[in-house]
Participant: 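Just dropping this structure here.
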Amino acid sequence: MVLPILTDPHPLLRQKAKPVKKITKRLKKLAQNMLETMYAADGVGLAGPQVGVDERIIVIDVGDGPLVLINPEIVSATGEARDVEGCLSVPGRNGYVTRAAKVKVAAVDLEGRRVEFAGEGLLARAFQHEIDHLDGVLFIDRLTPEAGGAEK
Ligand code: NI
């Protein structure tokens with residue numbers, strides 16, 4: 001089921017989302033719906049708060065298949081990369097954001113197992129962008145005012 005996507009300045013996008021305590025049938029259905037919503041919107045990532053869910057869950061697909069991460073945390077971040085970002089919750093805007101070039105992320109999967117992912121390039125960017133959503137942070141807060149201007 002495709003869910004409505006909240007857009008800035010909806011207050012839920014600015015809240016710190018709560019940790020998921022238990023993997024339930026409802027959560028599995030939510031993950032499925034979030035993936036369907038992301039694909040329908042041509043996005044590469046989506047976080048719970050964007051569909052009105054105050055819980056720490058994100059979905060990502062940068063072209064290598066779907067990932068569902070529950071309670072994700074960045075455990076290491078190295079390097080720096082600057083690239084253009086947009087967000088389904090901030091339609092019509094994009095701009096340059098500097099982020100870590102490589103990250104390792106620990107999370108729990110839908111079976112309740114501890115998982116770890118290493119990402120670089122677009123995947124590293126997606127992890128950081130989506131985890132930001134769980135902390136109420138949008139990419140427009142991180143625009144880098146460097147040569148070329150913040151807005152693309
Ligand atoms: Ni976003």
Side-chain angles (χ1 to χ4, degrees), residues 1-20 27-77 79-110 115-146 148-152:
M1 191 175 86
V2 173
L3 307 168
I5 298 176
L6 305 183
T7 55
D8 185 48
H10 195 289
L12 195 57
L13 294 171
R14 292 308 193 169
Q15 279 180 33
K16 194 171 165 71
K18 295 185 183 72
V20 172
L27 194 80
K28 291 182 184 185
K29 186 68 194 160
L30 170 67
Q32 190 56 45
N33 288 339
M34 284 175 65
L35 283 166
E36 285 179 32
T37 303
M38 177 186 76
Y39 291 128
D42 267 330
V44 298
L46 196 67
Q50 292 183 275
V51 290
V53 176
D54 181 25
E55 290 176 272
R56 302 186 78 81
I57 177 170
I58 63 174
V59 298
I60 288 176
D61 189 342
V62 296
D64 301 325
L67 297 177
V68 177
L69 284 76
I70 296 155
N71 298 338
E73 281 177 46
I74 293 172
V75 292
S76 80
E80 233 180 51
R82 183 171 176 266
D83 210 341
V84 175
E85 280 184 33
C87 178
L88 295 174
S89 291
V90 191
R93 285 186 74 184
N94 49 41
Y96 284 97
V97 181
T98 301
R99 297 203 185 259
K102 291 185 183 185
V103 294
K104 274 187 190 155
V105 176
V108 173
D109 71 11
L110 284 175
V115 287
E116 203 172 286
F117 296 96
E120 56 185 293
L122 181 57
L123 182 58
R125 186 164 294 275
F127 281 139
Q128 294 169 87
H129 178 116
E130 299 311 328
I131 291 171
D132 264 358
H133 273 299
L134 302 180
D135 294 323
V137 175
L138 300 177
F139 84 96
I140 45 176
D141 306 337
R142 295 191 185 277
L143 291 172
T144 40
E146 292 168 29
E151 300 275 333
K152 195 192 161 200

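Both ligands and their constituent atoms are indexed starting at 1 by order of listing.
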Participant: Kindly write out the residues that satisfy side chain to side chain donor-acceptor pair (under 3.5 Å) with Lys104, not counting sequence neighbours, or none if the list is empty.
Facilitator: none

Participant: For Tyr96 and Asp83, does a side-chain donor sit closer than 3.5 Å to a side-chain acceptor?
Facilitator: no

Participant: Please give me the minimum heavy-atom distance between Leu6 and Ser89, naming the atom from each residue.
Facilitator: O-OG, 2.7 Å

Participant: Salt bridge or not for Asp132 and Arg142, using N-O below 4.0 Å?
Facilitator: yes

Participant: Please report how many protein N/O/S atoms lie under 2.8 Å from the Ni ion (ligand 1).
Facilitator: 3

Participant: Mind checking the NE2-NZ spacing from His133 to Lys16? Nearest 0.5 Å is all I need.
Facilitator: 14.5 Å

Participant: So, for Leu35 and Pro66, which heavy atoms are closest and what is the spacing to 0.1 Å?
Facilitator: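 That would be CD2-CB, 3.7 Å.
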
